[in-house]
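For reference, the structure discussed in these notes is given below.
Predicted model, so just to flag it, every value in this text is computed and none were measured. Counting starts at 1 for both ligands and their atoms, in listed order.
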Amino acid sequence: MNRLQNKKILLGVTGGIAAYKAAEILRECQTMGAEVRVVMTPAATEFITPLTFQALSGLPVHTQLLDAEEESGMGHINLARWADAVLVAPASADFIARFASGMANDLLTTLLLATEKKVLLAPAMNRAMFDDPNTQKNIKQLESQGVIILGPGEGVQACGDVGQGRMLEPEILAQAVADHFQTGELAGLNVIVNAGPTREAIDPVRYISNHSSGKMGFALAQACVEAGAHVTLVAGPVQLETPSGVERIDVISANEMSAAVMSKASKADIFIASAAVVDYTPVEIAANKIKKNATEMQLILIKTPDILTAVSTQDSSTFCVGFAAETDNLEKYAKAKLERKSLDMIAANWIGRDTGGFNNDYNALSVFWKNGEQEIHSMPKPEVARELVTLIAKRYHEKNTT
Ligand code: PMT
């Protein structure tokens, strides 16, 4: 399975003989679907050239903290923001000491101070250096700050010693990075996500639709799979790859989307309605192309089924999350929909602002539920989806334990 599909991994390489194995880590992460960027400390470049990583990743390798070109492109803050997770492998004793003491004296330590994402370290050094109380103290300190320490393993070392200090194998490290995204927050639950627009035919040529790309819903489906759920994704007409592990049902119209969702609803623990369902559909679809002879034409439209309300009123044990897309009065309209549609939660996004919305890679959400709310600030939709799924899981478990 592509366990790192759509994930951005920043691979930090520090100076040690195991640096050559970092090339294999990069390949393993790529095979699992990740986009990988490499940052090397100056000492690492003594063991393996940046060119190797550049050729494998197809991207420039970052080595300098103060590089005029990089600062205007992918500077340290941008790199820290870009990554979904940072893996430092191998992590030398010197690097671990500098990181633990909060130094920012090269690009890698600086961006680690700047990142808010999960950091994983794979120590690799001589066994005596690893056992040294200073190294042990530094590792404990980093662990207490939430850094995940992977290994080291035991065995024969490059220096001839035998003991603990070998870097874990590349495949194991790549799997550990993937494990970090599998939260298990929705383990064993059935989730339906609907996504994208619907298309309401007028005649064989024309239709009514909207600007939804499906990106938000597909990101939510992926985040739910990573949280351990069985996910059915009911997708309107969009051009997106199916996230791995997701059962996808393609539909075109609101009526088809309604039928597909309702066919699965009785078994759903959670329904996330991110689709932009067209609200009105032509009463009749013309059998032939309508000729444009008249200067005016009239269409008679009828309301489409409200899929979300149908699910929320059918069985109140299904945890229902609606979306609200608004150009004004975001909070007021979202809260009204929460009430009117009998929802457990509503995620509201602005339309027409540069924080996200339709057909944008970014989004920002104001999430409301009875007696609570939370802001998810503007960031790439996969990250927004992971935050929202964590919130949904928390509220779902609260609802089912009270
Ligand atoms: O697809 P993207 O380009 O990534 O954009 C994401 C998005 C902006 C489409 C998404 O974040 C979003 O806001 N989706 C809901 C859009 C919408 O239709 O909102 P609404 O306020 O009109 O509807 C309220 C809720 O009722 C929604 O959960 C909607 O799915 C649901 N609904 C609406 C009409 C209908 N007939 N049936 C429904 O279930």
Side-chain angles (χ1 to χ4, degrees), residues 6 192-200 208-223 233-240 243 251 253-262 264-265 268 270-281 301-314 318-369 376 378-385 387-389 392:
N6 296 330
I192 305 173
V193 179
N194 67 1
T198 64
R199 224 178 244 180
E200 311 304 320
I208 302 169
S209 192
N210 56 57
H211 298 292
S212 170
S213 63
K215 288 176 187 170
M216 190 67 246
F218 275 57
L220 283 160
Q222 177 155 6
L233 173 62
V234 180
V238 295
Q239 305 297 319
L240 295 175
V251 297
S253 67
N255 279 315
E256 285 173 19
M257 185 172 275
S258 173
V261 169
M262 295 318 287
K264 298 278 177 180
I270 298 174
F271 175 41
I272 308 177
S274 70
V277 185
V278 173
D279 294 305
Y280 289 90
T281 190
L301 305 175
I302 184 171
K303 252 194 159 178
T304 53
D306 188 326
I307 305 168
L308 181 53
T309 305
V311 175
S312 72
T313 52
Q314 172 178 282
T318 306
F319 190 94
C320 284
V321 182
F323 267 71
E326 308 294 348
T327 54
D328 55 312
N329 292 311
L330 184 80
E331 179 170 345
K332 184 174 155 206
Y333 292 158
K335 284 182 169 168
K337 281 176 190 165
L338 177 74
E339 189 83 23
R340 193 170 67 242
K341 297 193 182 218
S342 308
L343 307 178
D344 294 285
M345 184 181 271
I346 192 150
N349 40 206
W350 285 107
I351 300 303
R353 300 197 175 185
D354 56 12
T355 47
F358 284 112
N359 199 14
N360 196 311
D361 288 334
Y362 280 66
N363 209 5
L365 297 174
S366 300
V367 189
F368 303 100
W369 59 95
I376 299 179
S378 184
M379 53 187 154
K381 282 180 177 169
E383 289 178 47
V384 171
E387 283 215 14
L388 181 59
V389 166
I392 292 170

Given that the side chain starts at C-beta and the backbone is N, CA, C, O, which of these parts of [X] lies under 4.0 Å from ligand 1, counting heavy atoms, or is it both or neither?
| X | result |
| --- | --- |
| Ser274 | backbone |
| Asp279 | side chain |
| Asn349 | side chain |
| Lys381 | side chain |

Using a strict 4.0 Å cut-off to heavy atoms of [X], name the atoms of ligand 1 that fall inside it.
| X | answer |
| --- | --- |
| Ala325 | 13 (O), 16 (C), 19 (O), 21 (O) |
| Asn359 | 2 (P), 3 (O) |
| Thr304 | 36 (N) |
| Asp306 | 35 (C), 36 (N), 37 (N), 38 (C), 39 (O) |
| Ile307 | 37 (N), 38 (C), 39 (O) |
| Gly322 | 28 (O) |

- Query: For atom 27 (C) of ligand 1, which candidate among Phe271, Phe323, Trp350, Phe358 provides the closest heavy atom?
  - Reply: Phe323

Does ligand 1 have an atom that lies less than 4.0 angstrom from a heavy atom of [X]?
| X | answer |
| --- | --- |
| Ala324 | yes |
| Pro305 | yes |
| Ala275 | yes |

Write out the residue and atom name of the closest protein heavy atom to [atom], then the distance separating them to 0.1 Å.
| atom | result |
| --- | --- |
| atom 2 (P) of ligand 1 | Ser213 OG, 3.3 Å |
| atom 18 (O) of ligand 1 | Ala276 CA, 3.5 Å |
| atom 6 (C) of ligand 1 | Met216 CB, 3.6 Å |
| atom 33 (C) of ligand 1 | Lys341 NZ, 3.9 Å |
| atom 21 (O) of ligand 1 | Lys337 NZ, 2.4 Å |

Any idea which heavy atoms bring [X] and [Y] closest together, and the distance?
| X | Y | result |
| --- | --- | --- |
| Asn210 | Phe358 | OD1-CE2, 4.0 Å |
| Met257 | Ala195 | CE-O, 3.7 Å |
| Pro243 | Leu233 | CD-CD2, 4.2 Å |

- Message: If you define the side chain from C-beta out and look only at heavy atoms, does anything of Arg199 sit under 4.5 Å from Val278?
- Response: no

- Item | Side-chain heavy atoms of Val321 within contact of Leu343, under 4.5 Å | no

- No-hydrogen, no-angle side-chain donor-acceptor test under 3.5 Å, Thr198 and Glu200: yes

- Query: In a check of side chain to side chain contact (heavy atoms under 4.5 Å, CB included) between Val238 and each of Ser213, Ser212, Pro197, which one passes?
  - Reply: Pro197

